[in-house]
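What follows is one structure encoded as structure tokens, with my remarks underneath.
From a predicted model like this one, the values you see are computed outputs, not experimental measurements. Each chain gets a letter, A, B and so on, in the order its sequence line appears, and its residues count up from 1.
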Amino acid sequence: MGYILILVGTVLVNNIVLSQFMGICAFLGVSKQMKSSVGMGAAVIFVMVCAAVITYPIYKLLEHFEITYLKTVAFILVIAMFVQMVEMIIKKLMPPLYKALGIYLPLITTNCAVLGVTITNVDESYNIAQSVVNAFGTGVGFTLALLLFSGVRSRINDSKLPETFKGVPATLIAASIVSLSFMGFSGLI
Amino acid sequence: MSDNTHGAMHEFVKGIIKENPVLVGLLGMCPTLAITTQAFNGIGMGLATTFVLVCSNIVISMLKKVIPGTVRLPCFIVIIAGFVTLIEFLMKGYLPEMYSELGIFLSLITVNCIILGRAEAFASKNTVIHSALDGLGMGLGFTLALFFMASIREIVGSGTWLAGTKFMIEIPWVHDNPTLIFIMPAGGFFVLGCLIAVINKLAKRKPPKEISCENCPNAAACSGKESCEAAAAK
């Protein structure tokens, strides 16, 4: 039951993009087309889950030596190394997968949502299973927001707007309305 | 000499308005949207980021010849994360209330696009003094944008200004009937959208901005223009 709560909470109620404001750069940058949204979303889910699995023992190690204040440094370094490694491995072994996810991978290192998930896992003192569920749910929430928003955006592109609002301002205001609709989920938990 | 001082002055001033990282460069959106519910938080976040930006710019420009090109990004991130840990300690010690208000976003300064962007686009190519001034200017521009946006959201959304300090002002009438939506997530997107539209309107006759992540598929990497181009070339 606890796992379902975490899942619903991260996907809908506390959506990482629309109510926690993490990964906005990727959200605004990649949501232009449905296809790239799917690719980016899949890459983010993958990296988030793996990052959650890897950072768990590392935090235990930091706890053992009583240097938990180094978690930011340790986590970001591990995530950066991991992303680079995955990129090299799938480039060599799985070219079709690399074609689908490859271009998004290097961009994920500096996506604050990934570091955010690992730090939330630590702050909430989740165990390993809860961490994985939390990371998976957050990734799915990110993908959902990206997909929904790419649909909204294609409608904006077709509509007539005042010159000053073209581009980013209109996108942000549309994001505000999508975020408003996600507030409807706030009673679920 | 005068040319040199002029150049240094330019590096400092450009970040504040002309190349404002948030409103013109469209970088560092996450903290801009997340913590701007109170003006005081905006100042705190802005100054913390400025501190990290100045320190990391100085260190990176000093080490620019030592760091090998291929692994420069991880090196930059570690330097930045080090200073973020430092500011976390300082804030926990001296401003514990603000530390809990800013929460996770204090750690997330590490992956703030502005800092990595300046490291990549400026500090790794310029002298120490220019990099420090560039960091200071960009940081103050960021602080100014956060403070401005947080003021709007706080005044309309909760009817106070600078709450949490001794200068707190209560806005009559609005304080009793606040428009709560402005301090909710949806309000953040809305206010930022309107602010950027106003800036677009004001800057209409100026030349187009240099660094723009708006049309850039690599915006998520947010490491400034050059690295975007390099990534696109791949």
Query raised in the report: Considering heavy atoms only, which positions within residues 137-153 of chain B lie below 4.5 Å of chain A?
Result: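 No residue falls under the 4.5 Å cut-off.
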
Query raised in the report: If contact means a heavy atom pair closer than 4.5 Å, which residues of residues 83-94 of chain B contact chain A?
Result: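 If one takes a 4.5 Å heavy-atom cut-off, the residues of residues 83-94 of chain B near chain A are Thr85(B), Glu88(B), Phe89(B).
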
Please report the closest heavy-atom contact between [X] and [Y], naming both atoms and the distance.
X	Y	value
Cys112(A)	Val111(B)	CB-CG2, 3.3 Å
Pro169(A)	Gly193(B)	CB-O, 3.3 Å
Lys166(A)	Asn200(B)	O-ND2, 4.3 Å

Query raised in the report: Where along residues 119-143 of chain A does a heavy atom come under 4.5 Å of chain B, listed by residue number?
Result: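 Residues Ile119(A), Thr120(A) are the ones that qualify, each having a heavy atom under 4.5 Å from chain B.
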
**Report entry** Close approach to chain B in residues 59-69 of chain A, criterion heavy atom under 4.5 Å
**Finding:**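 When heavy atoms of chain B are the reference, residues 59-69 of chain A contributes Tyr69(A) within the under-4.5 Å range.
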
Report task. Heavy atoms only, distances under 4.5 angstrom: which of Gly188(B), Ala34(B), Cys194(B) has the most pairs with chain A? Name it, please. Result ->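 Winner by heavy-atom pair count: Ala34(B).
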
Residue pair [X] / [Y], side-chain heavy-atom distance below 4.5 Å:
X	Y	value
Leu180(A)	Ile181(B)	yes
Met22(A)	Phe105(B)	yes
Pro185(B)	Leu18(A)	no

Structural part of [X] lying under 4.5 Å from a heavy atom of chain A:
X	result
Leu192(B)	both
Ser107(B)	both
Leu195(B)	neither

Could you grab the distance from atom [atom1] of [X] to atom [atom2] of [Y], nearest 0.5 Å is fine?
X	Y	atom1	atom2	value
Thr164(A)	Ile196(B)	OG1	CD1	13.0 Å
Leu73(B)	Gln84(A)	CG	CD	8.5 Å
Thr171(A)	Leu26(B)	OG1	CG	10.0 Å
Ser179(A)	Met184(B)	OG	CE	10.0 Å

Query - Pair Ile77(B)-Leu77(A), side chain to side chain contact (heavy atoms under 4.5 Å, CB included): steps then yes or no - result: CA-CA 8 Å; Ile77(B) 291 180; Leu77(A) 196 60; over 6 Å; no

Report task. Heavy-atom distances under 4.5 Å only: say whether Met81(A) touches chain B with side chain, backbone, both or neither. Result ->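 Neither part, no heavy atoms under 4.5 Å.
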
Query raised in the report: Are there more than 12 heavy atoms of other residues, nucleotides or ligands under 6.0 Å from atom CZ of Phe82(A)?
Result: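 Yes - once you tally the heavy atoms of other residues, nucleotides and ligands closer than 6.0 Å, there are more than 12.
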
**Report entry** Test item: Ser176(A) side-chain N/O and Phe189(B) main-chain N/O as donor-acceptor pair under 3.5 Å
**Finding:**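 It does not hold such a pair.
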
Query raised in the report: When heavy-atom pairs shorter than 4.5 Å are enumerated against chain B, which of Phe75(A), Phe182(A), Phe21(A), Phe165(A) gives the highest number?
Result: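 The option with the most such pairs is Phe21(A).
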
